[in-house]
Amino acid sequence: MDWYNYHHYHSGLARYTPAQVFTGQHVEIAKERDDALQRYYDAHPERFVRGPPKVPALPTEVFINPVIGDDGSIDATAAVNFPTLRAAKKSLTPD
């Protein structure tokens, strides 16, 4: 757990570790990343054909196996949905 919480830069958390997000360190790190990107852009704007680079923002909500409604929306108030757990249980059950 130590590696995952403190050393794993999670793609779903905009390349922050879970500990950085939990403690709020991501705010200062985002500022440092933005400052670095701005320096690179100022030095070589021709390399950034799509305009100035931006630091990716954290998602506003994170789900594990979200419940998807009939209209395609995520229902955050619904019961926990574990389709992978059911599939794993089925594979372990003898026929």
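From a predicted model like this one, the values you see are computed outputs, not experimental measurements. Residue indices begin at 1 and follow the sequence shown.
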Above 12 or not: heavy atoms from other molecules or residues under 6.0 Å from OH of Tyr41? yes
Give the ring-plane orientation class for His26 versus Tyr16, where under 30° counts as parallel, over 60° as perpendicular and anything between as tilted. perpendicular
Please determine whether side-chain contact (heavy atoms from CB on, under 4.5 Å) holds for the pair Tyr9 and Gln20, giving the CA-CA distance in whole Å, both sets of side-chain angles, and the decisive distance to 0.1 Å. CA-CA 9 Å; Tyr9 292 89; Gln20 290 169 337; 3.9 Å; yes
Considering non-hydrogen atoms only, spot the tightest contact between Pro56 and Ala14 and give its length. O-CB, 3.8 Å
Given the rule in the side-chain contact (heavy atoms from CB on, under 4.5 Å) test, do Leu58 and Leu13 qualify, once you have shown the distances and angles that lead to the verdict? CA-CA 6 Å; Leu58 281 173; Leu13 297 176; 4.1 Å; yes
How would you list all residue pairs meeting salt bridge (charged side-chain N to carboxylate O under 4.0 Å, His left out) that involve residues 30-43, not counting sequence neighbours? Lys31-Asp35
If the plane angle is over 60° it's perpendicular, under 30° parallel, otherwise tilted; pick one for His10 and His8. perpendicular
Tyr6 atom OH, neighbour heavy-atom count above 12 within 6.0 Å: no
To the nearest 0.5 angstrom, please state how far the OG1 atom of Thr17 sits from the CD1 atom of Ile29. 6.5 Å
Is the count of non-hydrogen atoms from other residues, nucleotides or ligands lying under 6.0 Å from Asp71 atom CG greater than 12? yes
